[in-house]
Amino acid sequence: MAYRYFATPKRKFIVADTPGHIQYTRNMVTGASTANLAIILIDARKGMLEQTHRHSFIASLLRIPHAIVCVNKMDLVDYSEDVYNKIVADFKAFASKLEINDIQFIPISALKGDNVVNKSEHMDWYQGSTMMYHLETVHISSDYNHIDCRFPIQSVIRPHTIDNQDFRGFAGRIDGGVFKPGDRVKTLPSGFVSTIKTIELNGEQIAEAFAPMSVTMTLQDEIDTSRGDMIVRENNVPEIGQDLEVLVTWMSSSPLQARTKVVIKHTTNECMAMVKELKYKVDINTLHRLQDIDTLGMNDIGRISLRTSKPLFYDVYKKNRQTGSLIIIDEQTNETIGAGMII
Amino acid sequence: MSNYVINHLRELESEAIFVIREIAAQFENPVLLFSGGKDSILLTHLAKKAFYPAKIPFPLIHVDTGHNFPETIAFRDALVEKLGVQLIVGSVQEAIDTGRVREETGADASRNALQIVSLLDTLEAHKVDAAMGGARRDEEKARAKERFFSHRDEFGQWDPKNQRPELWNLFNGRKNYGEHFRVFPISNWTELDVWEYIKLENIDLPMLYFSHKRDCVVRDRVILANSEYIKLKPGEKVVNMTIRYRTCGDMPITGAVESEADNLTKIIEEIASTRATERGGRADDKRAETAMEDRKKQGYF
Ligand SMILES: Nc1nc2c(ncn2[C@@H]2O[C@H](COP(=O)(O)OP(=O)(O)O)[C@@H](O)[C@H]2O)c(=O)[nH]1
Ligand SMILES: [Mg+2]
């Protein structure tokens, strides 16, 4: 997977270019995990392929908030409206089984430039916007959860200098909600309640902090808190528990079996976990569930149950892509072997 | 009510600070590789912000080739003094003097390959388990696939086929004995982002980056500063030119560009209107198409 960068006067773009073949499922999942928008390319001559199903399923599974379905190579089908309409209808029928909230369809020729940056002169029948116009204007401010306050602590800043004898700042990146000085907050797992004294960065005060800002927070009371703890609102706490149901993409060449012991990374927390059960595997071409499985192989996507060695503070992935995700690490090799979404 | 968006420079800043804080938390002996160039100056600035009001909790390592611009060294020393951070210097000259490495000869001699040895020696001597650098993915093709956390085996080598997938903001820095990581907090920044942020934050840079007059030698269309480290070839002559640098490596190999841009606004305008990548002017990258990939595998930044 290669990253590419470009900018227009309106926006800056980072493109994660992922190959489409099934053996690259894990690359697609990786690229999708941080994306605001997916561009799914369909060859107008070929229509919906197995690989289109896969791309759409991954976009939906990873909850990429927006998708553009580009029907490409329109130059090779005489810019035919019928061909385009048929593909759009096929896609919609398939996508009704998925959860992609915002889908835009655009007929393009990437080679000739039709509807990429400039409106095509060959497709008067298409009234919608060009791909670039859509990319520049798609509304992404609600891609993060701004309701449920979640602040996982990365580290505690204690300068121990004369000027800052009592300074005790919690460093981290906001994963959800809006925090303000004066807010009543609770720290997990201790359950202590306090009030936010300051939110700052480099000594500059911040009036409102929200995802994905990195900040340093101080509290009114001296509370013993460290990396892996989480600051939340008093009346809006995440799930707290050791038994997780997870949709996992398997990324290792050695298959996953039940009763395997693994390491989990979730927010700024790390712990051991036991894979209790493999529940089913999804056929990502048909979306059918295969029950009674013994293993999950490389690039398989399936549902598992995990028991963690200590309680985690989490939300379901649907509610928050940060507090709802985890990675699975091989205890022996230290390789990242799985990507999990909590359901 | 605000609409809860931050602009892309603040988002890049926030991502880099998150990564820098992860390095400090996940590793025992992290360091910041300070090359003296604008990217590592930016990285140092971000590290300061990440831990303020505490001081940067890890040392800076500078591999001094002995061919650095004097401006770079003066700038480095002033910065370290101001931030109250520890500086470790790895010396290529010392490695040559003690016979650890042998100097290249000839007009195009470069100390770049020797730098790798000194760097790895210094990292080993200080038991460094994470070395963060200011490399960016947009610099060139070999870096487009690079991870934030780049795993190196016990020989300091990079295996492009054996890198860990990075999902969400979960970075896996677990390692076996003897292995270490290179970490690139500003992976997602472009050259333009770097300059715009430097302007936004008013970050001090060495004067080399701004237009000035200098005695130069033009070799293979690369503009090199005339210095005691450069041997003139037959037919070459010294010309006084108005130039600036887009990157600051070693004096004998870092190419300058002719430019009148003497402030940040003009530099940003100049970059926005050019397409040549900044490393295009570095003589050592021109030696081989895959120079960067080769050097990375051996443990270069
Ligand atoms: N005629 C035509 N050819 C195209 C168009 N878009 C891409 N191609 C060609 O399709 C081939 C495959 O393109 P590539 O970007 O490598 O596809 P990938 O395998 O999906 O990454 C190349 O030869 C392109 O020139 C298009 O809109 N029209
Ligand atoms: Mg491709």
Side-chain angles (χ1 to χ4, degrees), chain A residues 1-7 11-12 14 17 26-27 29-30 33-34 140-142 144 146 154-155 157-161 163-164 167 169 171-173 175 178 200-203 208 210-216 227 249 251 263 265-268 270 321-322 325-327 329 333-336 339, chain B residues 1-22 24-26 45-46 48-55 57 136-138 141 143-146 151 162-176 179 187-193 201 272:
Chain A
M1 186 171 55
Y3 290 91
R4 284 166 231 285
Y5 300 81
F6 70 95
R11 264 191 183 153
K12 173 188 158 118
I14 302 176
D17 182 15
R26 58 187 193 141
N27 306 62
V29 168
T30 303
S33 73
T34 51
I140 57 168
S141 65
S142 52
Y144 285 101
H146 292 312
Q154 274 186 288
S155 62
I157 297 175
R158 306 214 57 181
H160 297 296
T161 54
D163 298 346
N164 290 291
F167 187 94
R173 199 176 189 190
D175 274 349
V178 180
E200 54 190 84
L201 187 68
N202 203 26
E208 290 182 314
F210 47 88
M213 289 166 68
S214 283
V215 298
T216 302
R227 177 172 168 86
T249 304
M251 302 186 151
V263 176
K265 240 184 215 299
H266 168 261
T267 66
T268 53
E270 197 176 303
R321 285 171 93 188
Q322 268 64 48
S325 55
L326 53 84
I327 55 170
I329 298 168
T333 65
N334 293 320
E335 295 298 323
T336 301
Chain B
M1 198 185 87
S2 73
N3 60 351
Y4 305 128
V5 271
I6 52 178
N7 74 28
H8 81 270
L9 291 177
R10 291 297 174 207
E11 191 158 345
L12 290 170
E13 172 192 65
S14 164
E15 174 181 73
I17 288 175
F18 177 81
V19 173
I20 293 168
R21 286 168 165 176
E22 279 303 288
Q26 290 195 34
H45 177 83
L46 291 165
K48 173 195 167 235
K49 291 188 90 166
F51 302 104
Y52 187 92
K55 292 192 158 57
R136 295 177 280 108
R137 287 186 185 134
D138 88 320
K141 253 171 86 190
R143 281 185 171 150
K145 298 184 179 186
E146 182 59 278
H151 179 256
N162 188 22
Q163 293 295 320
R164 297 173 181 175
E166 289 178 340
L167 298 114
W168 300 289
N169 54 2
L170 297 166
F171 296 101
N172 175 4
R174 291 175 63 100
K175 62 193 181 309
N176 293 317
E179 298 173 346
S187 286
N188 277 333
W189 298 51
T190 61
E191 190 188 8
L192 194 56
D193 296 330
E201 293 275 293

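All of these numbers come straight from a predicted model, not from anything done at the bench.
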Approximate separation, where rounding is to 0.5 Å, of [X] [atom1] and [Y] [atom2]:
X: B/Y52; Y: A/E200; atom1: OH; atom2: CD; result: 8.0 Å
X: B/Y4; Y: A/H146; atom1: OH; atom2: NE2; result: 8.0 Å
X: A/T336; Y: B/H151; atom1: OG1; atom2: NE2; result: 10.5 Å
X: A/T30; Y: B/W168; atom1: OG1; atom2: CH2; result: 8.5 Å
X: B/N188; Y: A/Y5; atom1: CG; atom2: OH; result: 3.5 Å

Polar side-chain atom of [X] near backbone of [Y] as donor-acceptor pair, under 3.5 Å:
X: A/S155; Y: B/A25; value: no
X: A/Q322; Y: B/N169; value: no
X: B/R164; Y: A/N334; value: yes

Practice task
Flag the pair A/T161 / B/P53 as yes when at least one side-chain heavy-atom distance between them is below 4.5 Å, and no otherwise.
Solution key: no
Problem - Any side-chain heavy-atom pair of A/T216 and B/R21 under 4.5 Å - result: yes
Under a 4.5 Å heavy-atom cut-off, does chain A meet the side chain of [X], its backbone, both or neither?
X: B/N7; result: neither
X: B/L12; result: side chain
X: B/Q26; result: side chain
X: B/A272; result: neither

[X] versus chain B, the contacting section by heavy-atom distance below 4.5 Å:
X: A/Y3; result: both
X: A/I329; result: side chain
X: A/M213; result: both
X: A/V29; result: both
X: A/H266; result: backbone
X: A/T267; result: backbone
X: A/Y144; result: side chain
X: A/N27; result: neither

Handout entry: B/E166: salt bridge (charged side-chain N to carboxylate O under 4.0 Å, His left out) partners, not counting sequence neighbours
Key = none
Fill in the blank from the handout: Highest number of heavy-atom pairs under 4.5 Å with chain A among B/I17, B/L167, B/L192 belongs to B/L167
Practice task
Among B/E15, B/R10, B/E13, single out the residue with the greatest number of heavy-atom pairs under 4.5 Å to chain A.
Solution key: B/E15
Handout entry: Closest non-hydrogen atom pair between B/F51 and A/I157, with its separation
Key = O-CG2, 3.4 Å
So which residue, [options], ends up with the most heavy-atom pairs under 4.5 Å with chain B?
options: A/D163, A/T333, A/L326; result: A/L326
options: A/A211, A/S33, A/P159, A/P212; result: A/S33
options: A/I327, A/D175, A/T268; result: A/I327

Problem - Contacts of A/R227 that satisfy side-chain hydrogen bond (donor to acceptor under 3.5 Å, both in side chains) - sequence neighbours left out - result: B/E22
Exercise for the section: Before accepting this row, confirm whether a basic side-chain N of the pair B/E11/A/K12 lies closer than 4.0 Å to the acidic partner's carboxylate O. Expected result: no
